[in-house]
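Notes follow once the structure below has been shown.
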There are 2 protein chains.
Amino acid sequence: MPERRPRKDAARNRAAVLAAADELFARCESPEDITMADVAAAAGVGKATLFRAFGDRTGLIHALYEARLAPLRAATEQGEPPLSPAGPPLERVPALLDAVLCFKFDNRHLALALEGTGSGSPYQGAHYESFHRTLTGLLGQIPGFGGADTDFIAHALLAATRADLVEHLVRHEGADREQARARLADFVARVLGQG
Amino acid sequence: MPERRPRKDAARNRAAVLAAADELFARCESPEDITMADVAAAAGVGKATLFRAFGDRTGLIHALYEARLAPLRAATEQGEPPLSPAGPPLERVPALLDAVLCFKFDNRHLALALEGTGSGSPYQGAHYESFHRTLTGLLGQIPGFGGADTDFIAHALLAATRADLVEHLVRHEGADREQARARLADFVARVLGQG
DNA sequence: TACGATGCGGACCCTGGGTCCGTTTCATGG
DNA sequence: CCATGAAACGGACCCAGGGTCCGCATCGTA
């Protein structure tokens, strides 16, 4: 399996498409109203190129999302405490959820586009799986969660950071970034028994 | 505004469409793969009839959902305690969330179809609005939630009952109805400070 | 029974995701 | 530097599916 590297033009086009798509998704009102043809045009590329590089619409959005997600993954895996594995669970759980919320807030356009893929629920995605696993593990290490259903609690906590909820808070309740963080932090503290 | 009632045939067709759609959505794997043409055919009706009666796809699903929702609304507004307004807040909150969960569980096909409408986030729907309002109010009456952000807590609690999460628990974690209820009940108790 | 108003239905339109294939560009060996 | 095959390109094309149009059937009333 030689894993031959892509040609120069292919790489350049892939990057152009990612940049164009990022731009378009960021500007538009709703992810629904940017089409694959739009992206292709904005990137100065044919539609087929776009589909060849990413498979389908979902693939493109996924690629964008994953690229943005990389820093967060890095921070949680080998960053600084309290986010990194070195932090104590009781501090790491709120830190992790705060980080996820910030990410969702800063990238709501992408997150919304991803959730709006239709049949693709967010619970299949590798990113979700991974966050859920770490959260579950951390909860298990916290005193007071001995016999508790950490699996579901992790789901429920992550559900409080869902992109469309964040979007709703911003659009219809006029929340800003810091307010959203504070509200989530309160809720998390309450769940952790620090209310 | 005379509010003229519909013709007999119109009423009959509307009912036929609702029945057919309900049936189809219940049977199918994913809501995505039943089309408006399918519904029309199953109801023995032309496509235009269907669009005349419900406006668009979202309208049809909404109508189905609302019909199913009626009993739940009734139970929470004038049913028996602890669900009804006569129940004390500390019991009514878990009862309400349990009822919502059961509803989502029993009607996941519809709830999923509704959430999968694309641009239509669940937070716009009148049903969500109403549940959120009552929940918020109830939380405010519970000791210990004095200065708390009941608005967000209500959102977060409802997020734990989201249809795609329920679907995930069932499909990928093999949960059944009672398990799902127990897990949610645990979580709610924890948030209410009874963990 | 006659006659408007209301509703019917399926042919039709259009958008948008996804594919095909003749042409162009890359990259390697002579 | 050129030949040559492989890889990528792009836009014309296909098709499913949501939504509309309009001539015809049905309803309900005088």
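Chain identifiers are assigned alphabetically (A, B, ...) following the order of the sequence lines, protein sequences preceding nucleic acid strands; residue numbering begins at 1 within each chain. None of the values given here were measured: they were computed from a predicted structure.
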Taking only N and O in the side chain of Arg57(A), is any of them less than 4.0 Å away from OP1 or OP2 of dG17(C)? yes

Under 4.0 Å between any heavy atoms, over every strand shown, what does Ala48(A) touch: base, sugar-phosphate, or nothing? Just pick one. base

Kindly indicate whether a cation-pi arrangement holds for Arg108(B) with Phe105(B), taking the cut-offs as under 6.0 Å to the six-membered ring centre and within 45° of the axis. yes

dT25(C) phosphate, OP1 or OP2: any side-chain N/O from Arg7(A) under 4.0 angstrom? no

Rounded to the nearest angstrom, tell me the gap between atom CZ in Arg52(A) and atom P in dC21(C). 14 Å

Atom-pair distance (CD1 on Ile34(A); P on dT15(C)), nearest Å: 17 Å

Which whole-number value in Å describes the distance from Arg12(A) CZ to dA27(C) P? 10 Å

Within less than 4.0 Å of OP1 or OP2 of dG10(D), is there a side-chain N or O belonging to Thr49(A)? yes

Given atom CD of Glu32(A) and atom P of dG16(C), what is their separation to the nearest angstrom? 11 Å

Under 4.0 Å between a side-chain nitrogen and a carboxylate oxygen: does that hold for Arg183(A) and Glu178(A)? no

Closest approach to the side chain of Met36(B), judged atom by atom: which nucleotide of dC8(C), dG18(D), dC26(C) is it? dG18(D)

Can you check the Leu60(A) CG to dG18(C) C1' distance for me, whole Å? 14 Å

Should Asp164(A) and Arg162(B) count as an ion pair when the cut-off is N to O under 4.0 Å? yes

When rounded to whole Å, the CZ to C1' distance for the pair Phe51(B) and dC14(C) reads 13 Å

Where the side chain of Lys47(A) is concerned, which of dG18(D), dG17(C), dC9(D) is the nearest nucleotide? dG17(C)

Cationic N near anionic O, under 4.0 Å, Arg68(A) to Asp22(A): yes

Starting at atom NZ of Lys8(A), determine the distance to atom C1' of dT28(C), rounded to an integer number of angstrom. 13 Å

So, OP1 or OP2 of dA8(D): does either fall under 4.0 Å of a side-chain N or O from Asn13(A)? no

